[in-house]
Enquirer: 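One structure is given below, represented as structure tokens, and several questions about it will come after.
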Amino acid sequence: MDKNRYIGNYPVIGIRPIIDARQGTLKVRESLEEQTMNMAKAVRKLFEENIRYSNGEPVNVVIADRTIGRVAESAMCAKQFREAGVDITLSVSPCWCYGSETMDMDPMTIKGVWGFNGTERSGAVYLASVLAAYARKGLPAFGIYGRHVQEADDTVIPEDVKEKLLRFARAAVAAKTMKDKTYLQIGATCMGISGSTIDPDFFEEYLGMRVESVDEVEILRRIDMEIYDKEEYEKALKWTKENCREGLDKNPDYARHSREEKDANWEFTVKCALIIRDLMNGNQSLPEGCEEEMLGYNAIAAGFQGQRQWTDHYPNTDFPEAILNTSFDWNGAREPYILATENDTLNGAGMLFLKLLTNRSQMFADVRTCWSDEAVKRVTGYDLEGHAAEAKGFIHLINSGACCLDACGKAVTLDGKAAIKPFWEMESRDIQSCLSATQWCEADLGYFRGGGYSSRFETRAEMPMTMIRVNMVKGVGPVVQLVEGWSVVLPEAVSDAFWKRTDYTWPCTWFAPRCAENGNFRTAYDVMNHWGANHGAISYGHVGADLITLCSMLRIPVCMHNVAEEEVFRPASWNAYGMDLEGQDYRACRAYGPLYR
């Protein structure tokens with residue numbers, strides 16, 4: 001496990017065991033105490049075994065000291081949870097209870113309720129009652145109710161209930177982890193890219209984050225004044241020389257940098273990586289007299305402008321971006337950072353959502369080109385197969401080499417499947433495989449006059465992937481679009497034919513979306529044609545359903561997705577905003593407003 005690099009504790013989940021308060025001769029409450037508390041304990045065990053914070057630690061789960069049947073006990077629980085730092089509450093009950101007396105009334109907690117599907121006391125009746133109370137009071141709450149009736153003494157959580165409990169917990173922990181952290185932009189707007197013009201209101205009101213800005217000259221100041229850990233710098237430079245092999249230099253001979261210039265650029269970019277990391281989260285090992293710089297900005301995500309003013313004169317920061325976004329560096333496996341290329345703040349937000357839901361490194365890429373099956377056949381004579389054939393094409397995900405090295409697909413699970421793994425599962429052989437699959441190519445000096453090094457690899461493995469984009473729309477606010485699909489492997493000659501038409505020195509992933517018979521997902525072309533910006537954030541795994549749940553917590557409507565309708569899980573009150581799922585999402589998000597407004 002890694003240490004918590006952020007100031008402040010991780011969010012805590014509080015479980016509220018709700019009970020029928022009636023006592024007396026027939027001992028109604030007493031007969032339910034064990035069953036009610038066992039529900040709470042079973043959920044705690046489920047969460048502790050399956051939910052982790054971004055540093056790898058199991059989630060902290062607190063159960064109320066006693067069951068809750070009346071107002072006084074609700075107040076006792078609220079006091080206990082405040083002292084424990086609870087941000088997320090899940091109420092569980094096997095029986096009828098007094099709804100408004102036992103509900104969580106804190107407007108800032110994320111709330112869920114599990115009502116046991118049984119016949120003796122019927123937790124479903126309590127569930128419906130308390131969800132109606134939450135809707136009336138304007139407090140969104142997730143309702144969880146199993147499909148099948150269980151016996152009263154059944155202590156097993158059904159699979160459909162488990163799925164919703166875990167989806168609720170993953171999304172809630174992600175939402176609350178962002179609170180009170182920082183998005184740090186280094187520089188400002190890049191090349192007129194809309195997403196790199198930061199919107200403080202979005203980060204503050206929807207995510208509970210603050211926005212801070214640092215001019216890129218701060219990196220130069222720290223290099224000139226040697227405000228970095230010199231011992232770690234020597235270690236990082238040695239590791240880089242030993243493990244980051246240089247690749248193709250595409251520049252003409254007359255324009256190429258000399259060996260001395262290239263070596264100096266390596267030294268510069270390694271220093272940049274250290275300094276950007278220090279800016280994000282501080283470093284107590286900086287030289288004496290640099291106490292202010294030791295603090296950092298408590299940043300959970302950052303972006304670097306680069307182009308063009310920086311890159312016209314200095315080496316680009318492709319290496320710092322790639323290595324910080326990766327799950328390892330010269331210190332071994334560690335929690336990946338989120339550092340958005342070109343300071344695309346909205347793509348950085350998408351990367352952050354995905355990282356907190358999956359605890360894996362995230363890809364940053366241009367959504368560059370859609371190759372239809374007909375175009376592929378015309379250019380190479382190749383007939384598409386598998387997922388690419390089903391999508392009638394694929395999308396080229398590529399950008400100047402700031403993509404995490406994990407995306408090469410060379411790390412493998414215990415059963416031998418390619419994966420982007422959580423950092424705590426990365427073994428030394430995984431790290432070496434990723435490094436061996438990656439070359440570092442001299443920057444195109446037409447694009448990057450100051451030079452630098454782009455990571456270069458091809459994703460030579462089929463992996464499930466989810467791509468997301470956050471967009472700002474005037475009159476609407478933030479919206480999210482997402483698509484699940486797979487990385488696809490093309491024959492090497494076919495891949496090279498396409499790759500060389502773009503930039504053969506950049507990291508390359510071919511992505512085929514999961515398509516449907518109608519809408520925006522008929523073909524890969526339809527996905528590309530409806531994508532809302534030039535960039536996408538891409539994660540390992542099919543996590544679209546988790547993203548939809550997270551967005552509903554943040555009150556961000558999802559305008560485009562290919563998740564099955566039965567997997568969409570939002571607060572129960574969304575059902576009151578119409579029968580069409582997309583429309584009700586827009587209406588509910590507008591009615592409730594941003595989470596932190």
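Fair warning: this is a prediction, and the values are worked out from it, not measured in the lab.
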Enquirer: Using a 3.5 Å distance criterion without hydrogens, assess whether the side chain of Arg16 forms a donor-acceptor pair with backbone atoms of Thr102.
Expert: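 Present.
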
Enquirer: Taking atom CD of Gln23 as the centre, does the number of heavy atoms from other residues, nucleotides or ligands within less than 6.0 Å exceed 12?
Expert: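 Yes, CD of Gln23 has more than 12 neighbouring heavy atoms, counting only those of other groups under 6.0 Å.
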
Enquirer: How long is the straight-line distance from CD1 of Ile51 back to CG of Leu46, given to the nearest 0.5 Å?
Expert: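 Spacing of CG (Leu46) from CD1 (Ile51) equals 7.5 Å.
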
Enquirer: Is there any salt bridge (Lys or Arg N to Asp or Glu O under 4.0 Å) pair reaching into residues 61-75, and which pairs are they, with sequence neighbours excluded?
Expert: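 Residue pairs with at least one partner in residues 61-75: Arg29-Glu73, Arg66-Glu73, Arg70-Glu101.
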
Enquirer: According to the salt bridge (Lys or Arg N to Asp or Glu O under 4.0 Å) rule, which pairs have a member within residues 544-567, sequence neighbours left out?
Expert: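 Qualifying pairs, neighbours excluded: Arg167-Asp546, Arg170-Asp546.
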
Enquirer: Ser573 side chain to Pro140 main-chain N or O, any donor-acceptor pair under 3.5 Å?
Expert: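 Not at all, since once roles are kept as given, no pair shorter than 3.5 Å links the two residues.
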
Enquirer: Phe142 vs Phe569, test: ring pair (Phe, Tyr, Trp, His ring centres under 6.0 Å). Steps then yes/no.
Expert: CA-CA 8 Å; Phe142 290 79; Phe569 184 42; 5.2 Å; yes

Enquirer: Working to the nearest 0.5 Å, report the span between CE of Met560 and CG of Asn520.
Expert: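 Between Met560 CE and Asn520 CG, I get 5.0 Å after rounding to 0.5 Å.
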
Enquirer: When you look at CE of Met108, are more than 12 heavy atoms from neighbouring residues, nucleotides or ligands closer to it than 6.0 Å?
Expert: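 Buried by this count: over 12 neighbours within 6.0 Å.
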
Enquirer: So Asp87 and Ile110, do their side chains get closer than 4.5 Å, heavy atoms only?
Expert: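 No, too far: nothing below the 4.5 Å cut-off.
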
Enquirer: Write down the atom of Val563, the atom of Ala545, and the distance for their closest heavy-atom approach.
Expert: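 Distance-wise, the nearest heavy atoms are CG2-N, 3.8 Å.
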
Enquirer: Check for a donor-acceptor pair, side chain of Ser93 on one end and backbone N or O of Cys95 on the other, with a separation under 3.5 Å.
Expert: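 Checking the backbone N and O of Cys95 against the side chain of Ser93, a donor-acceptor pair under 3.5 Å is found.
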
Enquirer: Would you confirm whether Thr182, through its side chain, and Tyr297, through its main-chain N or O, come within 3.5 Å as a donor-acceptor pair?
Expert: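 Yes; judged by distance alone, with no hydrogens or angles, the pair exists.
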
Enquirer: Applying side-chain hydrogen bond (donor to acceptor under 3.5 Å, both in side chains), can you list everything that pairs with Ser361, at least two apart in sequence or on another chain?
Expert: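 Here the qualifying residues are Asp406.
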
Enquirer: In the structure I gave you, are the side-chain heavy atoms of Gln150 and Phe116 within less than 4.5 Å of one another anywhere?
Expert: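 Touching, per the 4.5 Å side-chain cut-off.
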
Enquirer: Parallel, tilted or perpendicular, judged at 30° and 60°: which one describes the rings of Trp574 and Tyr592?
Expert: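 Parallel.
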
Enquirer: State plainly whether the residues Lys355 and Glu335 are in salt-bridge range, i.e. N to O under 4.0 Å.
Expert: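 The answer is yes: the pair qualifies as a salt bridge.
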
Enquirer: When you check the gap from the basic side-chain N to the acidic O, do Asp585 and Arg590 get nearer than 4.0 Å?
Expert: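 Not counted as a salt bridge, because no side-chain N and carboxylate O are separated by less than 4.0 Å.
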
Enquirer: Got a donor-acceptor contact below 3.5 angstrom from the Gln80 side chain to the Ile63 backbone?
Expert: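 Side chain of Gln80 to backbone of Ile63: a pair is present.
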
Enquirer: Using a 3.5 Å distance criterion without hydrogens, assess whether the side chain of Asn562 forms a donor-acceptor pair with backbone atoms of Arg514.
Expert: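 Yes, because the side chain of Asn562 sits within donor-acceptor range (under 3.5 Å) of the backbone of Arg514.
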
Enquirer: Are the side chains of Ile538 and Leu397 in contact, using a 4.5 Å heavy-atom criterion?
Expert: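 They are in contact (side-chain heavy atoms under 4.5 Å apart), so the answer is yes.
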
Enquirer: What heavy-atom pair brings Phe521 and Asp526 nearest, and what distance separates the two atoms?
Expert: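 Minimum heavy-atom separation between Phe521 and Asp526: N-CB, 4.4 Å.
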
Enquirer: Quick check for you: to the nearest 0.5 Å, what is the distance between Ile420 atom CD1 and Asn359 atom CG?
Expert: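 Answer for the CD1-CG pair, Ile420 versus Asn359, is 13.5 Å.
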
Enquirer: Would you give the length of the straight line joining atom CD1 of Ile18 to atom CG of Leu32, rounded to the nearest 0.5 angstrom?
Expert: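 Ile18 atom CD1 to Leu32 atom CG measures 12.5 Å (nearest 0.5 Å).
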
Enquirer: Strictly distance-based, threshold 3.5 Å: is any side-chain N or O of Asn575 a donor or acceptor partner for the main-chain N or O of Ala572?
Expert: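 At least one qualifying donor-acceptor pair exists.
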
Enquirer: Nearest heavy-atom pair of Val86 and Thr109: which atoms, and what distance?
Expert: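 Smallest interatomic distance, heavy atoms only, reads O-CG2, 4.3 Å.
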
Enquirer: Take Tyr134 and Val113 through the test side chain to side chain contact (heavy atoms under 4.5 Å, CB included) and record every step on the way to the result.
Expert: CA-CA 11 Å; Tyr134 278 125; Val113 185; 4.0 Å; yes

Enquirer: Do Val149 and Thr119 pass the side chain to side chain contact (heavy atoms under 4.5 Å, CB included) test, and can you show the C-alpha distance, the side-chain angles, and the key distance before you say yes or no?
Expert: CA-CA 7 Å; Val149 172; Thr119 55; 3.9 Å; yes

Enquirer: Is it true that Phe328 and Phe423 have ring centroids separated by less than 6.0 Å?
Expert: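 When the ring centroids of Phe328 and Phe423 are compared, they turn out to be at least 6.0 Å apart.
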
Enquirer: Applying salt bridge (Lys or Arg N to Asp or Glu O under 4.0 Å), which residue pairs with at least one partner in residues 407-423 are found, sequence neighbours left out?
Expert: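 Matches after skipping sequence neighbours: Lys421-Asp430.
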
Enquirer: Can you check whether Ile7's main-chain N or O pairs, donor with acceptor, with Asn298's side chain at less than 3.5 Å?
Expert: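 Flag set: sc Asn298 to bb Ile7 pair under 3.5 Å.
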
Enquirer: Evaluate the side-chain proximity of Leu346 to Phe202: yes if any heavy-atom separation is below 4.5 Å, no if none is.
Expert: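 With C-beta onward as the side chain, the pair touches.
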
Enquirer: Is there side-chain contact between His535 and Val367, with at least one heavy-atom pair below 4.5 Å?
Expert: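 No, side chains not in contact.
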
Enquirer: Please name all residues satisfying ring pair (Phe, Tyr, Trp, His ring centres under 6.0 Å) with Tyr10, sequence neighbours left out, ordered by chain then number.
Expert: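 For Tyr10 the ring pair (Phe, Tyr, Trp, His ring centres under 6.0 Å) partners, ignoring immediate neighbours, are Tyr53.
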
Enquirer: For the aromatic rings, using the six-membered ring if either is Trp, is the centroid distance between His387 and Trp510 under 6.0 Å?
Expert: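 Between His387 and Trp510, the centre distance exceeds or equals 6.0 Å.
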
Enquirer: Does Trp114 have any side-chain hydrogen bond (donor to acceptor under 3.5 Å, both in side chains) partners at least two apart in sequence or in another chain, and if so, which?
Expert: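 None.
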
Enquirer: Taking the side chain as C-beta and beyond, is there a heavy-atom pair between Arg570 and Met553 under 4.5 Å?
Expert: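 Contact flag for Arg570/Met553 side chains = no.
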
Enquirer: Have Arg5 and Asn55 got a donor and an acceptor in their side chains that come within less than 3.5 Å?
Expert: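 Absent: no donor and acceptor within the cut-off.
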
Enquirer: Is there a donor-acceptor pair under 3.5 Å between the side chain of Gln481 and the backbone N or O of Gly532?
Expert: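 Yes, Gln481 side chain to Gly532 backbone: donor-acceptor pair under 3.5 Å.
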
Enquirer: Determine the minimum heavy-atom distance between Arg587 and Asp580, stating which atoms define it.
Expert: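 Closest approach of Arg587 to Asp580: NH2-OD1, 2.8 Å.
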
Enquirer: To the nearest 0.5 Å, what is the distance between CD (Gln362) and SG (Cys404)?
Expert: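 Spacing of CD (Gln362) from SG (Cys404) equals 7.0 Å.
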
Enquirer: Side chain to side chain contact (heavy atoms under 4.5 Å, CB included) for Ile13 and Asn60? Distances and angles first, verdict last.
Expert: CA-CA 6 Å; Ile13 300 176; Asn60 184 6; over 6 Å; no

Enquirer: So Asp329 and Arg334, salt bridge (Lys or Arg N to Asp or Glu O under 4.0 Å) or not? Walk me through it.
Expert: CA-CA 8 Å; Asp329 60 18; Arg334 52 101 175 105; 3.1 Å; yes

Enquirer: Could you tell me which non-hydrogen atom of Ile19 sits nearest to which non-hydrogen atom of Cys97, and how far apart they are?
Expert: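 Shortest heavy-atom contact: C-SG, 3.4 Å.
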
Enquirer: Evaluate the side chain to side chain contact (heavy atoms under 4.5 Å, CB included) criterion for residues Phe511 and Val483: first the C-alpha distance (whole Å), next the side-chain angles of each, then the deciding distance (0.1 Å), finally the verdict.
Expert: CA-CA 10 Å; Phe511 174 75; Val483 54; 4.1 Å; yes

Enquirer: Would you please say whether a donor-acceptor pair under 3.5 Å links the side chains of Asn38 and Thr155?
Expert: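 Note: Asn38 and Thr155 side chains miss the donor-acceptor criterion.
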
Enquirer: Measuring only between side-chain heavy atoms, which start at C-beta, is Val59 closer than 4.5 Å to Asn50?
Expert: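 No, side chains not in contact.
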
Enquirer: Students often mix this up, so state it plainly: with edges at 30° and 60°, are the rings of Trp96 and Tyr126 parallel, tilted or perpendicular?
Expert: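 Geometry flag for Tyr126 against Trp96: perpendicular rings.
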
Enquirer: Quick check: do Ile88 and Lys176 have side-chain heavy atoms less than 4.5 Å from each other?
Expert: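 SC-SC contact between Ile88 and Lys176 confirmed.
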
Enquirer: Which pair of heavy atoms, one from Pro478 and one from Pro557, lies closest together, and at what distance?
Expert: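 Here Pro478 and Pro557 meet closest at O-CD, 3.4 Å.
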
Enquirer: Check for a donor-acceptor pair, side chain of Glu484 on one end and backbone N or O of Gly544 on the other, with a separation under 3.5 Å.
Expert: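 Yes; at least one donor-acceptor contact below 3.5 Å.
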
Enquirer: Measuring from atom CG of Asn9 to atom OG1 of Thr177, what distance do you get when rounded to the nearest 0.5 angstrom?
Expert: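 Interatomic distance, Asn9 CG to Thr177 OG1, rounded to 0.5 Å: 11.0 Å.
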
